[in-house]
Structures are given as C-alpha cells and as structure tokens.
Undergrad: 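Let me begin by handing over the structure; questions about it come next.
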Amino acid sequence: MTWLTLVAPGAALEAVEVPAAADAIDLTGAVELYPGAGAQLQVSTAPGADGIVRRIEVNSRDSANTSWAVFALSNPGDEQIDRLIVAPFFQLVGSHLIWPDLGSSRIASITPSQGIAPERQSSQEADVFLVTLDPGAVVTYVVEMRSDALPQIRLWEPDVYKDTVNAYTLYRGIILGISGLLALFLTILFVVKGTIMFPATAVLAWSVLSYLTIDFGFWNKVLQITPGEEQLYRACAEVALAASLIIFLYAYLNLNRWHIRYSHLALVTLILVLGLLGVAVWDPSVAAGIARISLGIIGILGFAVIAALAVQGYDRAIMLVPTWILLLAWEVGAVMTVTGALANDIVQPALAGGLVLIVLLIGFTVMQHAFAGGAIAQGLISDVERRALAQTGSGDIIWDWDIDRDRISTGNEVEDLLGLKHGVLEGPARDWLDILHPQDRDTFRGTLDAVIDQRRGRISQAFRLRSEDGHFRWFRLRARPIVGSDGEVIRCVGTLLDITDQKVTEERLLHDAVHDNLTGLPNRELFMDRLSAALARARAEGLGRPSVLVIDLDRFKQVNDSIGLSAGDSILLTIARRLSRQLKPQDALSRLGGDTYALLLLSEQSADRVATFADAVRRAVRSPITFGDQEVFLTASVGVSIYEDETISAADQVREADMAMNHAKRMGGDRVEVFRPTLQGEGANRLELEADLRKALKTDGISVFYQPIVRLADRSIAGFEVLARWNHPSRGAISPLEFIPVAEQSGLINELGMFVLDRGARQLSDWQSNFRLPVPLFVSVNISSRQLLRHDLINDVKAVLSRSALAPGTLKLELTESVVMANPEYSAKMLERLRALGAGLSLDDFGTGYSSLSYLQRFRFDTIKVDQSFVRPNGRSARPVILRSIIALGHDLGMQVVAEGAESESDSLELHQLGCEYAQGFLFGQPMDAAQATKLLETEMASLHG
C-alpha cells in the first residue's frame with residue numbers, strides 16, 4: 001500500500017496533490033483548524049489551475065460555536081478519481097493520559113469550493129465521505145466539525161480502505177473469539193473449583209473482553225449506540241480493567257491469609273476505583289484518565305509485592321513474575337501510545353492482542369491450581385478420610401486446614417473447651433490470630449507459612465488460645481502438609497492436644513527453680529542475674545548506680561530452736577513482707593538462703609540516701625513480731641556495697657556486701673556497715689581459702705574417706721559413707737565445716753560433689769568385684785542443694801554409673817530434708833529420674849529439717865538416716881519414744897533405717913531392740929582411706945570363711 005504523509009504548509013493554503021497510484025494519503029498535517037470560529041466561516045481557496053485565489057463562505061448546520069477545518073486537494077492527472085475521506089471516531093494514539101480523548105463523531109459535513117459535494121458513507125468506526133476529483137481540478141474543502149479535535153484524517157482509495165477494514169475485522173474477530181473462550185473457560189473453572197482465585201481471574205478475563213468489544217466497536221452494533229457516542233462505555237471499560245486487576249492480584253496472592261487489614265486496604269482501593277464509574281457518568285474523560293493512571297500504579301505496586309513474596313520463596317508469586325513483567329511492558333507501550341511517542345497504525349491492534357496474551361498466560365497459571373491434587377485438591381475428602389490422615393499426628397482433636405479455600409476445620413471440641421460458640425474457629429487461618437495469645441501469633445503464622453513455602457516437614461507447635469472468660473489454655477498442634485501433584489501444599493492435616501495441665505506444671509517448676517519455696521522471693525541465681533543486668537546497664541548507659549544490701553538476722557537460730565520450726569518459717573515470711581514494703585518498683589529483694597536476704601537498690605543513688613535506706617531496713621526488722629501470745633524481737637546486720645567501680649562483677653559486689661554484713665555481726669549486730677577497702681583484709685582468708693580449694697580440686701588435693709555402716713543384726717559391714725577431707729599444704733587438716741560452706745558460696749560444690757561421687761563409685765565397683773557378698777556393699781554420697789538444682793545432675797550421675805559396674809541401688813545419694821523441701825516440685829521430679837537411672841536415695845538428718853511428714857509419701861527414698869541428736873542420750877525422757885516413732889515410721893513407709901552417732905554398746909543394743917537395721921558411728925569405725933577400708937573388709941571376709 002502506497003502512503004503519502006504531508007506536513008502543514010508554511011504560509012497560504014496549498015492543495016494536496018492526489019496521485020492516481022497513491023493508496024492512502026495522511027491529510028492530518030495539511031489541515032488548517034479553526035476551533036470555535038462561529039456559525040460562519042470565510043476562507044480563501046487554494047490557487048486554481050489559473051492561479052486565481054477565491055473566497056468561499058460556509059454556514060454551520062448545527063450550532064453557533066462551531067469548529068472548522070480546511071484543506072485542499074488537486075488532481076494532477078487526466079482522469080477522474082474517487083477517494084474516501086476518513087476521520088476515525090477514536091484513536092488510542094495521542095489520546096493523552098490525563099483527560100483523554102475518548103472519541104466522538106468528528107465531521108458533520110464537508111463543503112467543496114467546486115464540484116459535487118462529498119457523500120457520507122455508512123460506517124460504525126469513522127466519518128467517511130466519498131469525494132470525486134475531476135482531471136486538473138483544485139478543490140478546497142471546508143469541514144464543519146462536531147468536536148474541537150481532529151486526531152486523524154486520511155484520504156483512501158476506496159478498494160484499499162475496504163480491504164484494510166476487512167483485514168482488521170478478521171483480526172479483531174480472532175482476538176474477540178480467543179478472549180471470549182478464555183473468559184467462558186475461566187468461568188466454568190470457577191464453578192468447578194470454587195476458590196476465590198478462579199472467580200477473580202474470570203472477572204479479569206471478562207473485563208478484558210468488555211474493553212475489547214468497546215474498542216473494536218462490537219457493542220455499537222449490538223446496543224445500537226450512536227456512532228461516536230461510546231465515551232461512557234469506553235471509560236467504564238477502562239475502570240473495570242483497573243478494578244479487575246486489583247481483585248486478581250489480591251485473590252491470587254492470597255493476601256488475606258493473615259491480616260484482615262490487607263482485605264480492608266484492597267476493599268477500599270477497589271471501592272475508590274469503582275467509584276470512578278459514577279465519575280464517568282458526569283465526565284467520562286476524567287474517569288478514564290484516573291483509571292489509566294491507576295492501572296499504571298497497580299502494575300508497579302503489584303510488581304513490588306510479587307517480587308517481595310518471590311524472594312521469600314512464595315510459589316504463586318514466582319509463577320506470576322514473567323506474566324507481570326509482560327504486563328509492565330504492555331503498560332509502557334500503552335503510555336507511549338497515548339502520549340503519541342508511538343504512532344504506528346498497528347500499535348492499537350497490537351496492544352489489544354497483547355492484553356489477551358497476558359490474560360491467557362494468567363489463565364494458564366491458575367489452571368495449574370485447578371487440576372492439581374486430584375480429589376483432595378477439590379475438597380472432596382470425606383470426614384472418615386480426614387480422620388485417617390489425622391493419624392499421622394497425635395492427640396484427640398482433628399485439625400484440618402484447606403489452604404486453597406483458606407478454611408480451618410476442628411470440629412467443636414476446641415470451641416467447647418474454650419467456651420466459644422460453635423463455628424467461631426471454622427474459617428480462615430487469620431481468624432485464629434484474634435484468639436491467639438499476642439506472643440504466639442507471629443510464631444503460629446510463621447510456622448504455617450514456612451510449611452507452605454518449603455512444602456515439607458511437620459508442624460509441632462504449642463500456643464495459647466483465649467477462652468470466653470478471658471483465660472488462656474495451652475494446645476499443641478501436630479500436623480503435616482499434603483502436597484498436590486504440582487508440588488504445592490494444598491492441605492495441612494493433624495491434631496490438637498490440650499496441654500494446659502502440663503504447661504502449668506512446667507511453669508510451676510520453672511518458677512520454683514529460680515524462687516525461694518518458702519517466701520516466693522527470687523533465689524540467689526535470679527538475684528545474681530538481675531544484678532548483672534543492672535551493672536551492664538550502668539556501664540553501657542551510665543544510668544543507675546546499683547547498690548547491694550545483704551541482710552542477715554541476728555541470733556535467728558536460737559529463736560528458731562525456742563519457738564519451733566513452723567514459727568520460724570512464719571517469722572521469715574513476715575520479715576520478707578516487711579522488707580518488700582521498703583522497696584520501690586525498680587528495686588529487687590531476694591532470699592539467699594536461711595535467714596539471709598539480699599536487696600538490689602536502684603531507687604536511691606547517693607551514698608547518704610543509700611545509708612538512710614539501709615537504716616530504715618534495719619529498723620523495720622527491729623519491730624516486734626507477735627506470734628500467738630508472745631512477742632518475738634529480732635535484729636539484723638546489714639552490709640552495703642555501693643557501685644563505684646565500673647569493672648566490678650555481680651559476684652564481687654555481693655561479696656563486698658557480705659563482708660560488710662559479717663563485719664556488722666562481729667561488731668555486735670543490729671547495725672549497718674558500708675563496705676570499705678579495709679574490710680578486704682578480713683575476708684582475705686576466706687578468699688585465699690577459696691583459691692586454695694579451687695587449686696586442690698585441680699591437683700587432687702582433696703582426699704576421699706570412708707566411714708563404715710554396719711548391720712546391727714550381725715555387726716557385719718553393709719557399706720560406707722563417702723566423706724571429703726582436705727589436708728592443706730600449710731594449714732594442715734581443714735574441717736569440712738569450714739571448707740564446705742566456702743565451696744557452697746563459691747560454686748565449687750558442684751565440682752567437689754562430682755569428684756567425691758566419682759571416686760566413691762569407682763571404689764565401690766572394685767569392692768563389689770573383689771568381695772562377693774550375699775548382699776552387695778553400698779556407699780552413700782552427700783548431695784548438696786546446688787547439685788540437686790542443677791539440670792546436669794542427671795547426666796552426671798548417668799555418666800558415673802556408666803563408668804562403674806555397680807549393683808542397682810548400691811550407689812546411694814544422700815539428701816537432707818532442707819535440700820529436698822527447698823523446691824519440692826522440682827525435687828520430686830529429679831529424684832524420680834535419679835531412681836530410674838539405678839541410684840539409691842537416702843534421706844539424711846531426718847527429723848531436723850523444715851518439712852512436713854506428709855511429704856515423705858511423695859519422695860520414694862530407700863533409706864532414712866536418723867540424726868545423731870535422737871541417738872545420743874541427752875537426758876530427755878521423750879528421746880526413746882521419738883526414736884521408736886521415727887524407726888516405725890520409716891518401716892511403715894517401706895524404708896530401711898540408718899542411725900548416726902552410735903558411740904557405745906548401749907546405743908547399739910538399744911537401736912537393735914527398736915528395730916533399726918543399720919548404724920554408723922565411732923563405735924564401728926572412724927572415717928578411713930580406701931586402703932584401710934579394704935583391709936577392714938578383708939579381715940571381715942577372713943573371719944567369715946575361718
């Protein structure tokens with residue numbers, strides 16, 4: 001096809017030559033426009049063949065404010081030619097982005113300067129006029145316009161124009177056919193599948209089809225729309241295109257899975273876009289301009305969301321990336337077209353075809369979800385099959401999450417447990433966030449997302465759900481993902497188990513591990529942790545100068561002995577409450593043990609204020625305590641350590657306060673002492689002893705001795721108690737009463753205890769292999785409170801037993817009542833596990849602790865050791881009665897009884913007559929080393945075989 005493109009003349013109106021061989025001539029650049037020139041126009045004609053310029057006057061047919069256009073044509077040939085003047089109603093090219101030109105009828109009439117008036121031809125897409133040019137004629141045409149703009153006007157050879165229209169009609173028919181079939185197929189898919197993704201895709205397909213039918217002029221014929229008057233329909237089609245893209249993106253990416261606010265945001269945006277339909281009724285151009293801008297914004301923001309989800313490994317986002325890139329390329333081409341940067345005739349049809357291609361690719365993407373997974377993907381799973389799948393989990397309550405429909409099913413069991421209405425938990429996963437504990441929401445959401453993204457693994461998670469009364473119950477979810485044939489997770493099936501009772505017990509054990517059982521105050525470990533944090537904050541931020549007060553009750557042991565243990569416990573509780581009332585919210589109080597308290601002071605910073613506070617604490621303790629009919633008067637020694645050195649550690653500051661407190665006691669008690677460097681000398685011996693003890697443990701400076709335990713029935717050796725002894729290189733033998741407290745306070749007791757336990761077990765293994773006795777020998781090893789509270793004790797005992805071949809129950813662990821009762825819940829659990837390992841359990845110093853006898857039923861000890869204060873004659877007439885009762889109580893509970901402190905034959909005879917099985921004391925042997933104990937065993941074996 002031969003094209004001629006003309007540009008506007010530089011001066012007077014010039015005639016455009018129309019060669020007979022030209023198929024089409026673009027007259028747009030050769031037209032002179034007279035916008036709003038009025039009801040009458042007078043113009044000069046183009047010079048004729050004789051060179052004469054004439055005037056022509058034309059009157060408007062329609063209105064008084066008419067726009068006009070003028071151009072001239074000449075026929076240089078010697079034959080008459082017929083041509084079509086064509087002005088399209090709508091051109092996407094150059095239609096503008098803001099306030100676009102949505103098309104209209106352009107030409108009302110054409111008046112020639114001579115010859116036959118142009119005849120209007122029937123057309124639904126353009127103003128078409130047939131003109132005839134005589135040979136050699138020069139004709140000026142005055143065009144009365146129906147709009148202010150004339151985007152395009154061309155002169156066509158009639159047959160070429162007809163062929164071109166037919167070709168575009170065929171192309172448009174193909175495009176409409178593909179688009180219509182695609183929209184129909186996606187609608188059918190929605191009916192079959194039913195998830196939100198498919199109706200959203202179908203809406204997008206129908207919106208594209210609607211846009212194409214308006215653009216191709218299909219509805220002009222169906223609805224009998226006046227040619228050029230489809231601006232409203234075109235604007236509505238562009239608005240629908242933008243709205244459907246929002247719906248598809250929201251539904252396909254399943255943005256509503258966790259946050260309802262995403263739904264609100266999408267709904268508000270959709271309402272604003274659909275609100276443009278109302279604007280279109282008022283001014284279609286404004287609505288279309290906003291819709292075009294919205295389409296671009298949706299494309300850019302949508303790509304950002306898709307890219308972010310794709311980076312996180314979300315399969316749907318990854319699959320949509322190529323299609324969305326094509327959409328962005330289409331939007332760039334559309335922007336260049338409407339702004340006039342692209343002005344080719346095939347641009348508009350190409351953009352229409354590209355739009356169908358995008359929807360086709362989107363359709364292929366969503367169809368993978370439609371035909372994946374078989375019957376279970378289509379939601380056709382029965383309740384019996386669901387229960388069969390739930391066998392992979394554990395528990396009682398079935399939990400089933402249909403991911404495509406985003407619906408969780410749990411039956412009514414969970415709702416009944418929580419007191420909720422039936423159906424509250426039957427719905428989207430995000431609905432669970434409303435009743436989940438705030439601390440569990442992110443974990444719950446992240447766990448489910450991780451399983452979906454990774455397409456494997458198992459869910460095993462505990463979380464809290466809020467009941468109707470506001471309390472929370474613990475549940476454990478165990479489930480596994482079900483993967484469809486496309487490799488994407490389509491379901492999660494498992495069970496829920498109510499673990500509220502278990503969690504409450506665990507929380508109680510955790511609380512008891514760091515709190516004092518009697519007063520409920522933090523224990524030493526928790527206090528040291530808080531002090532360390534306060535020191536770190538003071539060093540890092542320079543805020544707060546933590547001071548430490550150590551408060552020890554004066555002569556509390558004498559008061560305790562005089563009024564009884566239960567009264568002593570009440571006094572300790574009273575003192576704790578009094579001290580707590582002195583504190584401000586930022587301060588902390590702890591019970592270090594016995595009658596000693598520690599206070600972390602942050603509310604007072606200056607030294608004089610700290611001293612005043614410490615004196616107020618001392619005076620609070622001095623107030624009399626009424627117990628029954630009597631009043632108890634107590635005093636306290638208070639040691640204070642004020643933060644001055646930034647390098648000081650928590651242990652050092654507590655040690656300084658303890659030194660000051662001991663100095664206060666040496667000064668007579670009932671006073672406050674602030675730590676000063678001169679007190680270091682008084683504590684130097686203790687520090688030196690701690691350092692020497694640490695060194696002794698590393699160099700085997702600690703010795704292990706064995707004290708015999710005999711059967712009273714035949715005076716044979718039944719076992720030994722393992723004891724630690726320390727022969728200091730310079731100070732000589734140091735009493736356990738001196739170095740054991742040092743080990744307790746410094747934390748070396750754990751290392752010392754393991755050393756004694758391992759040596760005792762090894763020696764017992766040697767004895768049992770060398771001396772074959774009817775009843776195997778046993779050894780008893782003392783366990784301190786610090787050892788019992790360590791979680792590693794189980795592993796330590798297990799390791800010792802694995803290294804030594806011992807008869808079950810012959811390695812006995814001795815614990816005092818005060819150690820066990822310091823944390824009864826935790827102790828019961830630890831003792832049960834120690835028994836399961838094959839260790840024996842012995843309750844030492846029975847009758848001297850703080851416990852109630854009812855607790856003996858909870859702790860399954862093998863042996864009880866009667867304290868020597870009940871064995872030795874003390875002049876009290878009640879002693880035999882008490883001793884007989886203790887032995888009878890032990891037997892009734894199924895325990896063997898060992899009596900300590902047997903020093904005479906009368907003691908031994910009395911114990912035997914009362915039914916006591918074993919005894920130990922100086923009568924049967926003092927503590928001895930392993931060689932001496934072995935020799936003693938050899939002597940006894942020789943006498944038995946002699």
Side-chain angles (χ1 to χ4, degrees), residues 696-727 733 736 749-784 787 792-815 834-842 844 862-863 865 896 898 900 917-922 924-946:
L697 286 171
K698 294 180 179 180
T699 59
D700 289 341
I702 302 297
S703 302
V704 177
F705 277 59
Y706 304 87
Q707 184 174 20
I709 301 174
V710 303
R711 294 184 184 86
L712 292 175
D714 57 5
R715 301 295 181 95
S716 63
I717 297 176
F720 295 88
E721 181 177 1
V722 185
L723 302 170
R725 293 293 183 264
W726 184 14
N727 189 17
I749 191 65
N750 296 321
E751 188 175 350
L752 177 61
M754 276 304 302
F755 172 79
V756 174
L757 182 66
D758 186 63
R759 287 293 181 88
R762 291 176 184 271
Q763 186 60 58
L764 178 61
S765 177
D766 291 340
W767 285 336
Q768 289 184 356
S769 61
N770 294 330
F771 301 103
R772 302 293 181 177
L773 298 175
V775 179
L777 289 170
F778 66 84
V779 296
S780 297
V781 183
N782 287 290
I783 299 296
S784 70
Q787 287 179 276
D792 291 338
L793 178 62
I794 300 297
N795 294 330
D796 292 342
V797 173
K798 186 176 181 179
V800 168
L801 292 174
S802 65
R803 290 193 294 265
S804 306
L806 301 176
T810 56
L811 178 62
K812 295 182 180 293
L813 307 180
E814 288 192 4
L815 302 100
L834 289 171
R835 175 183 290 276
L837 291 177
L841 300 176
S842 178
D844 196 10
D862 307 309
T863 306
K865 297 188 74 173
Q896 296 177 331
V898 178
E900 295 182 296
E917 293 95 334
Y918 304 99
Q920 73 178 90
F922 292 153
F924 306 109
Q926 297 187 6
M928 60 191 72
D929 59 23
Q932 293 173 328
T934 302
K935 186 175 182 181
L936 183 62
L937 288 172
E938 290 174 347
T939 302
E940 180 169 316
M941 289 292 294
S943 63
L944 289 176
H945 291 86

Undergrad: Do V797 and L801 come within less than 4.5 Å of each other through their side chains, counting heavy atoms only?
TA: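 SC-SC contact between V797 and L801 confirmed.
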
Undergrad: List the atom of A724, the atom of V756, and the distance in Å for their closest heavy-atom pair.
TA: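 Answer, listing the atom of A724 first, then V756: CB-CG2, 3.8 Å.
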
Undergrad: In terms of ring plane angle, is the pair F778 and Y918 parallel, tilted or perpendicular, where the classes change at 30° and 60°?
TA: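 Plane angle over 60°, so perpendicular.
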
Undergrad: Taking atom types as modelled and ignoring hydrogens, do the side chains of Q707 and Q920 form a donor-acceptor contact shorter than 3.5 angstrom?
TA: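 Q707 vs Q920: donor-acceptor pair found between side chains.
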
Undergrad: Hey, what do you get for OG (S802) to CG (N795), rounding to the nearest 0.5 Å?
TA: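 Answer for the OG-CG pair, S802 versus N795, is 10.5 Å.
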
Undergrad: Kindly determine whether I794 and L834 satisfy side-chain contact (heavy atoms from CB on, under 4.5 Å), including the steps that lead there.
TA: CA-CA 6 Å; I794 300 297; L834 289 171; 3.7 Å; yes

Undergrad: Just so I know, are the side chains of L777 and L937 near enough to count as touching, which here means a heavy-atom distance under 4.5 Å?
TA: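 Side chain of L777 against side chain of L937, heavy atoms only: contact under 4.5 Å found.
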
Undergrad: Are any of the side-chain nitrogens in D766 or R762 under 4.0 Å away from the carboxylate oxygens of its partner?
TA: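 The answer is no: the pair does not qualify as a salt bridge.
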
Undergrad: In the structure I gave you, are the side-chain heavy atoms of M928 and P708 within less than 4.5 Å of one another anywhere?
TA: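 M928 vs P708: side chains touch.
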
Undergrad: Is any side-chain heavy atom of L764 less than 4.5 Å from a side-chain heavy atom of F720?
TA: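 No - every pair of side-chain heavy atoms lies 4.5 Å or more apart.
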
Undergrad: Taking the basic N atoms (NZ, or NE/NH1/NH2) and the acidic carboxylate oxygens, is any pair closer than 4.0 Å for D700 and R759?
TA: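 Yes, this pair counts.
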
Undergrad: Report the distance from atom CD1 of I709 to atom OG of S716, rounding to the nearest 0.5 Å.
TA: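 Reported value, rounded in 0.5 Å steps: 12.0 Å.
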
Undergrad: Is there a side-chain contact between M941 and L773 in this structure, where contact means two heavy atoms from C-beta onward sitting under 4.5 Å apart?
TA: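 Yes, their side chains come closer than 4.5 Å.
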
Undergrad: Rounded at 0.5 Å granularity, tell me how far CD in E721 sits from CG in N782.
TA: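 Reported to 0.5 Å precision, the distance equals 5.0 Å.
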
Undergrad: With rounding to the nearest 0.5 angstrom, report the OG to CG distance, S780 to L815.
TA: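 Those atoms lie 11.0 Å apart.
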
Undergrad: Test side-chain contact (heavy atoms from CB on, under 4.5 Å) on L752 and L697; report intermediate values, then the result.
TA: CA-CA 7 Å; L752 177 61; L697 286 171; 3.8 Å; yes

Undergrad: Within a strict 4.5 Å, meaning less than it, do heavy atoms of the D758 and R803 side chains meet?
TA: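 The answer is yes; the side chains approach within 4.5 Å.
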
Undergrad: Taking the side chain as C-beta and beyond, is there a heavy-atom pair between E900 and D844 under 4.5 Å?
TA: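 When only atoms from C-beta onward are counted, D844 and E900 do touch, with a gap below 4.5 Å.
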
Undergrad: Within a strict 4.5 Å, meaning less than it, do heavy atoms of the F924 and I717 side chains meet?
TA: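 No, side chains not in contact.
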
Undergrad: Drop me the distance from T810's OG1 to K812's NZ, to the nearest 0.5 angstrom.
TA: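 Interatomic distance, T810 OG1 to K812 NZ, rounded to 0.5 Å: 8.0 Å.
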
Undergrad: Distance-only, no hydrogens or angles: does the D862 side chain make a donor-acceptor pair with backbone N or O of L841 under 3.5 Å?
TA: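 Pair found, side chain donor or acceptor close to backbone of L841.
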
Undergrad: Got a donor-acceptor contact below 3.5 angstrom from the S765 side chain to the A761 backbone?
TA: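 Absent.
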
Undergrad: Does any N or O in the side chain of Q768 come within less than 3.5 Å of the main-chain N or O of A807, such that one atom is a donor and the other an acceptor?
TA: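 Yes; judged by distance alone, with no hydrogens or angles, the pair exists.
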
Undergrad: Let me see the working for L757 and L813 under side-chain contact (heavy atoms from CB on, under 4.5 Å), right down to the final yes or no.
TA: CA-CA 9 Å; L757 182 66; L813 307 180; 3.8 Å; yes

Undergrad: Before accepting this row, confirm whether a basic side-chain N of the pair D929/R725 lies closer than 4.0 Å to the acidic partner's carboxylate O.
TA: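 Salt bridge: no.
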
Undergrad: Take Y706 and Q932 through the test side-chain contact (heavy atoms from CB on, under 4.5 Å) and record every step on the way to the result.
TA: CA-CA 9 Å; Y706 304 87; Q932 293 173 328; over 6 Å; no

